[in-house]
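Only one structure is covered here, and it is reproduced in the block below.
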Amino acid sequence: MSFQAVQLTVQDHYVVIDNGILAITISKPDGIITKIKFNGIENLLEDTNEEEHRGYWDLNWSDPGTPGTTGYYDRIKGTDFQVVVQDDEMVEVSFTRTWNPSSKGKFVPLNIDRRVIMLQGLSGFYSYGIYEKLKEWPGFNLPQTRIVFNLNKKWFQYMAVADNRQRKMPLPDDRLPGRCQVLEPPEAVLLTNPIEEEFKGEVDDKYQYSCEDRDLQVHGWICTDPPTGMWQITPCDEFRTGGPFKQNLTSHVGPYNLAMFISAHYAGEDMVAKFAQGEAWKRVFGPVFTYVNCVPKEDDWHWLWDDAKEQALIETDCWPYTFPASEDYPTSDQRGNLSGRLLVHDRYFDDDYIPANGAYIGLASPNESKSWQLEGKGYQFWTTTDEDGYFFINDIRAGDYNLYASVPGFIGDYVCDDNVSITPGCDIDMEELVYEPPSDGPTLWEIGVPDRTAREFYIPDPNPKYVNKLFINHPDRFRQYGLWERYAELYPNEDLVYTIGESDYEKDWFFAQVTRKKGNTYQGTTWKIKFNLEQVDQHGVYKLRLALATANMAELQVRVNDPKAEPPVFTTGLIGKDNAIARHGIHGLYRLYIADIQGNKLVQGDNTIYLTQANGGSPFVGIMYDYIRLEGPPDSDQSTKFISAMSFKAVQLTVQDHYIVIDNGILKITISKPDGIITKIKYNGIENLLEDTVVEEHRGYWDLNWSDLGTPGTRGYGERIKGTDFQVVVEKDEMVEVSFTRTWNPSSKAKFVPLSIDRRVIMLQGSSGFYCYGIYEKLKGWPGFNLPQTRIVFKLNKKWFQYMAVADNRQRKMPLPDDRSPGRCQILEPPEAVLLTNPIEEEYKGEVDDKYQYSCEDRDLQVHGWICTDPPTGVWQITPSDEFRTGGPFKINLASHVGPYNLAMFISAHYAGEDMVAKFAQDEAWKRVFGPVFTYVNCGSKEDDWHWLWDDAKEQAAIEADSWPYTFPASEDYPTSEQRGSLSGRLLVHDRYFDDDHIPANGAYIGLASPNESKSWQLESKGYQFWTTTDEDGYFFIDNIRAGDYNLYASVPGFIGDYVYDNNVSVTPGCDIDMGELVYKPPSDGPTLWEIGVPDRTAREFYIPDPNPKYVNKLYLNHPDRFRQYGLWERYTELYPDENLVYTIGESDYEKDWFFAQVTRKNGNTYQGTTWKIKFNLEEVDQHGVYKLRLALATANLAELQVRVNDPKAKPPVFTTGLIGKENAIARHGIHGLYRLYTADIQGNKLVQGDNIIYLTQANGGSPFIGIMYDYIRLEGPPDSDQS
């Protein structure tokens, strides 16, 4: 597509910039954006406002020495206008205001240059500003500066700041007198008489939509008719202050979009930038991107949010931009890089140096406080460490910095001793850095989780009078108004008491130590921590670590065993003006204190620590704790008495005649002996989590499908595996491991698969669940066979479990299994799908249920399961590693579905077909360990929000993944970490028709798979696979690889094909292989003439229709995975009743005009193949050259794709795939199956100058499920031609 040149029109009082997509009007020389014209809307901004209130920069400033965070308000207006760049590709304009002594007292002592940039073909514009203070100018304070857009309330009423924080919003008029009651603080109002009745009784407060900077890349508003979005995208955090956890305003009722650069919100005066008279300063804020997007009226407008997120990623990948004209904005080659590895050493936690997994590590300009969270003048550059502690920060501005890190799970901050000096083009390797967190003795007890927030503590339900409906049953329940008032209601007579070993911080520790309302006054409170010490070192010093998540006008005093002791053992003094309590935050500034407790203040037996927040006077005075820990004196052995806040019962094994029972005091499981069927799981007062109305062998079992060698297809003999021998492998207080084996011998031939199978179950002390793993072995002389599938199945109790979750946005209350019985449903085609015609619960009537609608790619399938809402109880299947799965990260597998079933899939042919079946020859020996996988159970109290169980299960899944490989399985076939190796390197891409340079493979999946005949990781089903993703610079690290020989593969988003390393990679125990730089040269033999789609191995980007209203699954209405609806294949004929799809290059849009699957056309009672046309124009043709048509297919099913050029009946066709695929992804609601890449050579003499047509014929018919999905299509010109 060709784009209009950018046009600049300079008038007397305005400038207009227009690129044919949007036009913006800016006042001259003020620099106020007064108008944004887009998608047929005359002005996206509020045109009933004065012009200066529409799109503007502003700031607050004050004289030096002035306390607080406010001051003089200044809506910045320029005095001079200049055209900086004007050509077809871009326009950049400047609006400056220069300070001089005559401005003293009127304006902040800064020169301010605000720039606006518009590029050709881009749906938005950029804004950035350069602030400069000269050395001799007066000092001042700068609490805040930002960009504000006041959008048109007529159009924009739906706001989105995150996937789970978006909603239709009240109107700004609803905040006017007579329509609301102003609350305290006054930013919050109760809507009493809103224009739209649905908002009546809700609270609106802009602070409820605040975000941490690390999550604040994009936010904005949607107009639903015509579907239009306006988004504020911040592509980089370098120009923000306060680090990744700093909270800022985003969008709120107005409707407003904000780009915050400096602010004191959630931090107070400590965060204010203060400049002295002799201090020079210059800072560039931005560029930030104002993005606008739209879709046709018939499309789902929710897509605008997904598109905005994609655009945010594009902007981030392009940082630093190449186009800003200011010399104060350095390009990439004027910047430097820094890398290294961060380890943690706490001898009271682990003798070893452990990798700092998921730590935030970054550079901040040096400051007096040596604190990145208080740094408000310079630039900051942050990243997160990978699971092995490695980090890489690129494109750092030249200058001196302090290096900091915050490591989850450990208190305090890492601070590098020396400054780091960044110079243009540098690449600094910091090598190994070691953080030694504060720790002076063994932990006696602890409360909370060191994560800089109070999120893990008890957060009450809001007062029903003061709700925001968005945050009901929401992970961010702390954002509700007035939670501070609930404390006195929960503790009406006395303050909180917490008993170590009995209390649970998630239920018994209120999230904020607030004041208590007594009459019309607010008083400080004293909380008690009760604990028992079996022995006391009277001469030692105990350390009470107090990590605070926030404080506001508070004083925390610590006393021990005497609530009235004066002076207290410790006091913080007056701390904090964060105001996080009033502003619905869960943290503000992080603070860490140590209270030294002399041993003679403690007693053997019962002790009490009193935590007094001494100040009152306001409901917003108080503190939030992050984490509290009591340490014993150095080198004492008291940690054996209190390793954690709870001691756990030893694991007990009871062996009976036909059953064994394993019980760790948290849950109890019963297993049939020697069969190895799990028949009962007792937990949380529920006698059996499994379905006790079915026979025992149908409850918790392993099964497989197998067939004789040479048998086609993916089915065969179904076998529920039962053991013949039972053995206790390990039995001790800390764990029990048991084994159920079945050994094959020739007498078993034709009865059982020729495998010896050893299935193990492990239960650990203190663990809320159990582990299962299996060892399958075929000896060399045993018969050959096929193995299409093996898995673990749990059939849960339908009485208890009716709510299912497989992802954040894929969870719902589910139909009952009885609803799939005759008389209650209509069986559809394929028969796994049923239409619920007479379900037990009326709400499901008219819905389709199909287990395949809940399938997942393995890369996203770490945890899934079911919830019982009363009592709140969860059962989850956690897969901590993909090494024992087949088919790579994109392989699609079943998860949970109506039954209720939980599955752990190991080998399956779903979405792949017979190509995926593991086939073993007679003389082939084979052994494979599947698992361990973890069955996790959790619960909450009845008054808690049961949705929390899903969040907890995800956290547990992350814990299990971090613990892999486990240390406890007893089998010698399961290697420990030291028996494994690691591999690292860097992957680059070189496509000379895309970029002359070698570019980093950002976000590529790269991995090892056992060698196989097809040289394909997606068809490898016998061995192990190990995968990771590359970082933005192409670096990768794969650890804990089993010893063996592997092929190395990669799939790079945005490029077709797969990278395959030429040689095998041999991994040995303890090895650390550096592959150096690997270069992928994707298939490309000439310049791209045109392309359709995005190379991502799926058809997700193409047009996916709405389902037939008769066949819906309500979960997938207005859902990103709309392709999961039933029967979409039938919509093709309805959309193209008379002729097949025609796509015209340069006119058609693949998101709207390319149907997601080339399916058959229904004609009467038959299904016929279809021919799609691609029309395109060539200005010139090389008659002697060869053109390449690249055809990347996302899936195929019993299909044959034929290519013809300019003659729809040519025989033979230019190209044919032959019969391909048995993946059935169309029928199973997938958006891809196996990936295939074909090249059709087109001789130049088959093309003509002018209009051409390529005919894509899927020739086969006979079924609605025959067809293909395309991933991407590209036509390349002959090599070295200039036709692109």
Side-chain angles (χ1 to χ4, degrees), residues 214 244 338-346 349-350 352-362 382-393 405-410 414 429-435 437 449-451 858-863 878-885 888-889 932-934 954-968 974-987 1001-1008 1024-1042 1046 1048 1050 1067 1069-1075:
R214 61 178 170 173
L338 181 136
S339 61
R341 189 186 192 197
L342 182 62
L343 304 172
V344 179
H345 184 230
D346 178 352
F349 177 80
D350 194 313
D352 294 329
Y353 290 74
I354 60 175
N357 181 12
Y360 275 85
I361 188 164
W382 289 85
T383 192
T384 51
T385 56
D386 67 16
E387 60 185 8
D388 298 291
Y390 289 97
F391 63 90
F392 182 83
I393 308 175
S406 172
V407 185
F410 295 92
Y414 170 80
D429 184 353
M430 300 295 291
E431 298 180 340
E432 288 192 343
L433 308 171
V434 179
Y435 176 42
V449 177
D451 64 357
D858 279 349
R859 60 178 171 173
D860 299 321
L861 191 53
Q862 282 73 51
V863 57
I878 293 176
T879 304
S881 170
D882 290 330
E883 73 175 47
F884 45 79
R885 285 170 164 165
V933 293
F934 185 45
K954 289 191 298 178
E955 290 182 13
Q956 188 64 40
I959 291 168
E960 299 299 323
D962 286 344
S963 302
W964 187 273
Y966 297 129
T967 57
F968 47 80
Y974 180 79
T976 58
S977 184
E978 61 266 16
Q979 293 171 314
R980 297 170 177 243
S982 62
L983 178 138
S984 61
R986 188 185 192 198
L987 182 63
N1002 181 12
Y1005 275 85
I1006 187 163
L1008 297 168
Y1024 300 97
Q1025 296 202 16
F1026 300 86
W1027 289 84
T1028 191
T1029 52
T1030 57
D1031 67 15
E1032 62 185 5
D1033 297 292
Y1035 290 97
F1036 63 90
F1037 182 81
I1038 309 175
D1039 62 350
N1040 294 311
I1041 308 165
R1042 283 173 168 261
Y1046 297 91
L1048 178 65
V1067 175
C1071 73
D1072 190 355
I1073 300 170
D1074 184 353
M1075 300 294 293

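The closest side-chain heavy-atom distance from D1074 to S984 is below 4.5 Å. Between T1029 and F1036 there is no side-chain heavy-atom pair separated by less than 4.5 Å. A heavy-atom distance below 4.5 Å is not found between the side chains of Y360 and T385. Considering only heavy atoms from C-beta on, E387 comes within 4.5 Å of D1039 through its side chain. By the 4.5 Å heavy-atom criterion applied to side chains, F934 and V863 are not counted as neighbours. Within the 4.5 Å cutoff, no side-chain heavy atoms of P889 are placed close to those of D858. Between L1008 and I1041, some side-chain heavy-atom pair lies under the 4.5 Å cut-off. Here the side chains of Y353 and V344 are not in contact, with every heavy-atom distance at 4.5 Å or above.
Note that the CG atom of L987 and the CE atom of M1075 stand 10.5 Å from one another [nearest 0.5 Å]. Atom CG of D346 is separated from atom CD1 of I354 by 8.0 Å, given to the nearest 0.5 angstrom. The distance from the CD1 atom of I1006 to the OH atom of Y1035 is 13.5 Å, given to the nearest 0.5 Å. Taking CZ from R1042 and OH from Y974, the interatomic distance works out to 7.5 Å, rounded to the nearest 0.5 Å.
No close placement of the Y435 and F410 rings is indicated, their centers lying 6.0 Å or farther apart. Checked against a 6.0 Å centroid threshold, the rings of W964 and F1026 do not count as neighbours.
In terms of heavy-atom proximity, V434 sits nearest to Y414 at O-CE1, 3.6 Å. For the pair T976 and Q979, the tightest heavy-atom approach, listed with the atom from each and the gap, is N-OE1, 2.7 Å. For G389 against P355, the heavy-atom pair with the smallest separation is N-CB, 3.8 Å. Taking all atoms of both residues into account, the shortest heavy-atom contact from A359 to P408 is CA-CD, 3.7 Å. Counting all heavy atoms, side chain and backbone alike, P965 lies closest to P975 at CB-O, 4.1 Å. Taking each heavy atom of W1027 and G888 in turn, the nearest pair found is NE1-CA, 4.0 Å.
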Verdict with supporting geometry, S982 and F1037, side-chain contact (heavy atoms from CB on, under 4.5 Å): CA-CA 7 Å; S982 62; F1037 182 81; 3.8 Å; yes
Any chance you could lay out the side chain to side chain donor-acceptor pair (under 3.5 Å) test for D1033 and N1002, step after step, and finish with the verdict? CA-CA 6 Å; D1033 297 292; N1002 181 12; over 6 Å; no
Given the rule in the side-chain contact (heavy atoms from CB on, under 4.5 Å) test, do F392 and L338 qualify, once you have shown the distances and angles that lead to the verdict? CA-CA 6 Å; F392 182 83; L338 181 136; over 6 Å; no
Show your working on side-chain contact (heavy atoms from CB on, under 4.5 Å) between E883 and Q1025 and close with a plain yes or no. CA-CA 5 Å; E883 73 175 47; Q1025 296 202 16; over 6 Å; no
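For the pair R980 and Y1024, the cation-pi test (distance below 6.0 Å, angle within 45°) is failed.
Between E960 and S963, the side chains place no donor N or O within less than 3.5 Å of an acceptor N or O (distance only, hydrogens not considered).
A salt bridge does not link E431 with R341: none of the charged nitrogens is closer than 4.0 Å to a carboxylate oxygen.
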